[in-house]
Amino acid sequence: MSLFRQRIERIGTALLDAAGAAIELWLVYVSTIAGILRGLSRRRGGRGRPRGELVRQLFHIGNKSLIFIIVTLGFIGMVMAYQACLQISRVTGDFSQIGPQTLRLIVSDFGPTITGMMLATRVGAGIAAEIGSMKVTEQVDALRMSGVLPIDYLVVPRFIASIIMTLMLTTIGSLVMFAAGGLTANYSWGVNPNLFFDLSQVRPRHLVLFVIKAATFGAAIPVVAGFCGLRARGSSEGVGWATTAAVIGSSFAVIVLDFLISAAALFVTGGDL
Amino acid sequence: MTTAIRLEDVHKSYDHRDVLTGVSLDVPRGGKLGLIGPAASGKSVILKLICGLEQPDRGTIEVLGQNIVGKREAPLGDLRQRIGMLFQNYALFDFLDVKGNVAFPLEQRGGMSPDEIAKRVETRLRAVGLAGSEHKLTSELSGGMKKRVGIARATVADAEIVIYDEPSAGLDPVTTQKIYDLLAADHARTHATVLAVSSDVVALAQFVDEIAFLYRGQIVYRGPAATIVDAPDPIVRQFVRGELEGPLAEVRA
Amino acid sequence: MIDEPPAGSLDHLRPQRDEPPPPSPETGIVSRAFEGIGGGAIRIAQEVGGIVVLSGQVLRALVPPRIDRRELVKNLYKMGNRSVPIVVLTAFFAGGLMTLQAGPFVIKFGAAALAGWAAGYAVLREMGPILIALMFSGRVGANNTAELATMTVTEQLDGLRALAIDPVQFLVVPRVIAMITMLFALTIIGDFVALAGAAIVARVMLGIEWSTMYHSFADNLRPYDFFHGVYKSLAFGGAIAMSSCYFGITVRGGAVGVGRAVNAAVVAAAVSIMLLDFFLTYTTG
């Protein structure tokens with residue numbers, strides 16, 4: 001077979017694999033929602049989610065990521081403010097709009113996006129590692145032997161916890177980002193804090209966008225990571241590969257979803273954002 | 001029904017590799033069947049197919065009168081609660097302690113009060129010789145202890161079918177004997193249907209009624225366990241006796 | 001001498017961890033909080049120390065350079081070629097995202113010329129290098145940690161040492177070089193793709209002409225903006241490489257340990273990227 005045809009075949013197979021994986025991923029998402037609805041209706045008696053698991057996941061995902069988020073978003077907040085001030089000083093020298101515009105950008109995009117990327121690495125890797133090692137040591141099969149649906153037991157608690165915690169962490173992270181930015185602007189460029197910490201440019205639509213993005217990212221990460229974890233095969237290598245795939249997949253999902261939501265927002269508001 | 005498990009012409013392949021190429025097997029109710037064969041011959045795959053953990057490419061599988069093939073996960077869950085399984089690598093839940101592990105099938109099935117469950121768990125743990133270990137974590141257990149917890153979990157619900165995947169692998173001869181005594185005592189008590197996979201043919205033969213030999217994806221022999229060493233089939237004889245010379249030479253390791 | 005630890009022993013890298021005593025039941029919430037923070041700080045310090053020691057070993061192995069050529073080439077290929085698709089896609093979306101952020105200004109004030117400048121500036125200096133580095137950390141760093149961790153757990157590293165081969169020299173050094181080189185190359189490629197992505201999105205969604213974008217880039221962006229981002233990638237590459245290798249070879253426990261090692265490596269890399277970005281931006285403007 002010619003090299004060209006081989007290449008085409010490889011691309012074709014890769015695309016088919018990707019399509020198959022995308023469909024499976026969508027099924028995981030749907031099953032997760034179904035699992036939540038099942039849990040809410042309490043039809044199945046004692047079967048399913050373990051008691052206290054939700055709280056454990058909230059702690060695991062939330063509290064333990066707090067420092068990480070504060071540190072990373074703090075630093076990048078400083079950097080972004082610095083870069084923005086640098087550019088302004090080169091062009092107009094008018095620093096009055098830096099603060100409000102920065103806040104607008106943080107609320108409508110950078111806050112959720114960067115928090116999402118950070119959580120995609122931390123939470124995505126964590127979930128995939130946990131679920132992956134359970135899959136590889138046949139604990140998932142053992143769960144199924146007791147009539148438990150792995151999605152209900154493993155993914156759903158993490159899904160709910162992740163959405164809640166992502167919203168909270170994004171809020172905290174965005175505040176830290178903004179505050180750090182203000183400090184930097186003041187320290188390096190002498191921007192008056194009163195001038196910087198100005199909320200006037202943030203409108204309800206930005207807050208809506210904030211919530212939508214943070215919730216979407218919070219939902220996407222555990223679905224992707226759980227999916228990768230449940231597909232782990234083999235032993236330690238399987239877990240390693242599942243964790244890697246989860247980090248890549250969640251990060252990429254955050255970026256793509258961010259893009260799609262931003263584009264949609266632009267259309268819906270006719271650019272008035 | 002008189003047949004607890006029935007497989008007919010079952011085929012299964014993974015990644016273009018044919019593992020099972022037409023397996024037909026049946027286990028009568030209350031009977032004990034042992035399954036032996038070379039490594040990676042597909043014994044564990046058969047167990048997984050019976051439990052519906054995987055689906056065959058072709059063939060029929062009936063468990064307790066119900067067809068497994070094509071069944072969805074939720075109804076399979078109901079059926080699985082009538083089956084107890086000991087996994088080859090124990091598959092103990094590392095997020096639960098010993099008590100939590102053994103109590104799990106009972107809790108999921110529902111219908112028992114926490115006290116009843118606790119009592120049942122205690123009885124089981126005592127039977128497997130682990131009384132007092134309720135609160136140990138799986139990381140604190142030795143291999144033999146984990147195996148026994150696995151057996152306790154598989155038998156705690158007095159399931160109609162019990163499947164043991166390598167109940168004595170990696171254990172010393174004395175512990176092996178204890179384990180098989182335990183399995184025999186359980187069977188005498190519950191008259192459950194038993195399917196056991198083991199590479200320790202001698203110990204297995206003392207426990208089960210019949211032994212089936214899986215070779216190259218098919219069941220090539222099935223006969224009484226007591227006379228397995230003198231089986232008419234030369235391949236089986238060579239395998240059971242551990243001889244190096246014979247028709248079994250090309251084993252796919 | 002049989003008693004001496006073999007050359008290339010990794011024990012000094014593993015934190016000699018005396019687990020802190022569990023808090024006694026009477027301890028109040030505040031004391032427990034302090035213990036938690038203190039314990040966490042000690043752990044972080046141990047890990048940072050371990051990474052620094054490993055870095056020292058890597059540097060020492062570079063002078064004079066004794067690198068296994070085959071390992072180097074194998075890793076260059078694995079980390080470079082196979083990462084291109086995901087990095088390219090990420091860069092494309094990152095560029096497009098920046099354009100969308102500039103969108104409101106363009107639509108409201110008609111400042112089409114600004115779009116290229118704003119998007120380009122953000123991409124070249126910050127968003128490009130950071131997002132590409134994060135993606136690289138996920139794709140290559142995590143994979144590398146998983147591989148090294150699996151090798152450690154299956155005692156292959158011990159096997160190498162038994163053959164008097166220093167695992168740091170044989171395994172770690174080629175990977176570190178490969179990762180730094182490849183992230184550098186990928187950032188360069190990624191920057192261009194991001195600019196292209198920005199232009200495409202500008203054209204398709206905001207109706208800005210190609211020429212406008214091009215001029216916007218050319219007039220407002222300086223070569224230094226490009227280099228500023230690209231040389232940051234060298235530092236990011238180093239951070240990712242060291243973190244990835246360190247957590248890979250100091251893994252403990254079986255399959256679960258591997259997962260945890262990957263988790264730790266990826267988190268450490270992300271934090272390092274942010275910290276380094278901060279320092280580099282401040283010191284080099």
Side-chain angles (χ1 to χ4, degrees), chain A residues 67-68 71-76 78-80 82-83 86-87 91 105 108-110 113 117-118 120-122 124-126 128-130 132-133 136-137 188 232 235-252 255-256 258-259 262-263 265-267 269-273, chain C residues 40 85-86 89-90 93-94 96-97 100-101 103-104 106-108 117-118 121-122 125-126 130-131 134-135 137-143 145-147 149-150 153-154 201 205-206 220 251 254-267 269-271 273-275 277-278 281-282 285:
Chain A
I67 307 280
F68 174 65
V71 167
T72 44
L73 265 84
F75 277 113
I76 200 157
M78 291 196 262
V79 167
M80 280 183 50
Y82 187 85
Q83 298 280 25
L86 183 65
Q87 268 300 41
V91 178
L105 278 173
S108 65
D109 190 67
F110 288 125
T113 306
M117 287 291 292
M118 293 293 110
T121 36
R122 200 203 191 312
E130 277 166 27
S133 45
V136 146
T137 49
S188 301
S235 62
S236 351
E237 341 171 347
V239 177
W241 180 237
T243 315
T244 306
V247 171
I248 302 172
S250 328
S251 313
F252 192 65
I255 294 184
V256 172
D258 186 18
F259 181 80
S262 300
L266 210 58
F267 268 129
T269 60
D272 187 18
L273 212 48
Chain C
I86 192 80
L89 279 174
T90 304
F93 281 108
L97 204 57
L100 287 178
Q101 298 315 312
V106 174
I107 298 180
K108 260 200 286 201
W117 163 64
Y121 186 73
R125 288 197 137 230
E126 294 299 330
I130 289 186
L131 285 179
L134 286 174
M135 256 320 181
S137 163
R139 171 89 183 74
V140 176
N143 204 8
T145 306
E147 258 181 49
T150 305
V153 157
T154 52
V201 170
M205 306 200 78
L206 299 174
N220 295 304
V251 67
V256 180
V258 171
R260 255 187 264 150
V262 173
N263 197 347
V266 153
V267 167
V271 174
I273 289 175
M274 292 306 182
L275 283 172
D277 188 49
F278 173 72
T281 304
Y282 260 89

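Excluded from the calculations below are hydrogen atoms, water molecules and symmetry mates; all remaining heavy atoms, backbone and side chain alike, are included.
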### Query
For the candidates A:Leu73, A:Thr113, A:Asp258, which exhibits the highest count of non-hydrogen atom pairs separated by less than 4.5 Å from chain C?
A:Asp258
As an exercise, state the distance from [atom1] of [X] to [atom2] of [Y], rounded to the nearest 0.5 Å.
X: A:Phe68; Y: C:Met274; atom1: CZ; atom2: CE; value: 8.0 Å
X: C:Met135; Y: A:Ile255; atom1: CE; atom2: CD1; value: 4.5 Å
X: A:Glu130; Y: C:Asn263; atom1: CD; atom2: CG; value: 8.5 Å

### Query
Parallel, tilted or perpendicular for A:Phe252 and C:Phe93, by the 30°/60° rule?
perpendicular
### Task
Measure the shortest side-chain to side-chain distance between A:Met118 and C:Leu134 over non-hydrogen atoms and say whether it is less than 4.5 angstrom.
yes
### Message
With heavy-atom distances below 4.5 Å as the criterion, would you say the side chains of A:Met117 and C:Ile130 are in contact?
### Response
no
### Pair C:Val262-A:Val239, side-chain contact (heavy atoms from CB on, under 4.5 Å): steps then yes or no
CA-CA 9 Å; C:Val262 173; A:Val239 177; over 6 Å; no
Report which part of [X] has an atom under 4.5 Å of a heavy atom belonging to chain C: side chain, backbone, both, or neither.
X: A:Thr269; answer: neither
X: A:Ile248; answer: both
X: A:Phe259; answer: both

Which answer fits [X], side chain, backbone, both or neither, if we ask what part of it has an atom under 4.5 Å from a heavy atom of chain A?
X: C:Val140; answer: neither
X: C:Leu97; answer: both
X: C:Val256; answer: both
X: C:Ile273; answer: neither

#### Entry: When C:Asn143, C:Val258, C:Leu131 are compared by non-hydrogen pairs under 4.5 Å with chain A, the top option
C:Asn143
### Message
Tell me which of these, C:Gln101, C:Met205, C:Arg139, has more heavy-atom pairs under 4.5 Å with chain A than the rest.
### Response
C:Gln101
Which heavy-atom pair separates [X] from [Y] by the least distance, and what is that distance?
X: A:Gly240; Y: C:Ala146; answer: CA-CB, 3.4 Å
X: C:Gly138; Y: A:Thr244; answer: O-CG2, 3.3 Å
X: C:Leu100; Y: A:Ser262; answer: CD1-CB, 3.7 Å

### Query
Between the main-chain N or O of A:Gln83 and the side-chain N or O of C:Tyr121, is there a donor-acceptor pair closer than 3.5 Å?
yes
### Message
List the residues meeting side chain to side chain contact (heavy atoms under 4.5 Å, CB included) with C:Ala269, not counting sequence neighbours, and say none if there are none.
### Response
C:Ser137, C:Ile240, C:Ser243
### Message
According to side chain to side chain contact (heavy atoms under 4.5 Å, CB included), who are the partners of C:Leu275, at least two apart in sequence or on a separate chain?
### Response
A:Phe75, C:Val271
### Message
Within the supplied structure, the quantity of interest is the number of heavy atoms (other residues, nucleotides, ligands) at a distance under 6.0 Å from C:Glu147 CD; does it exceed 12?
### Response
yes
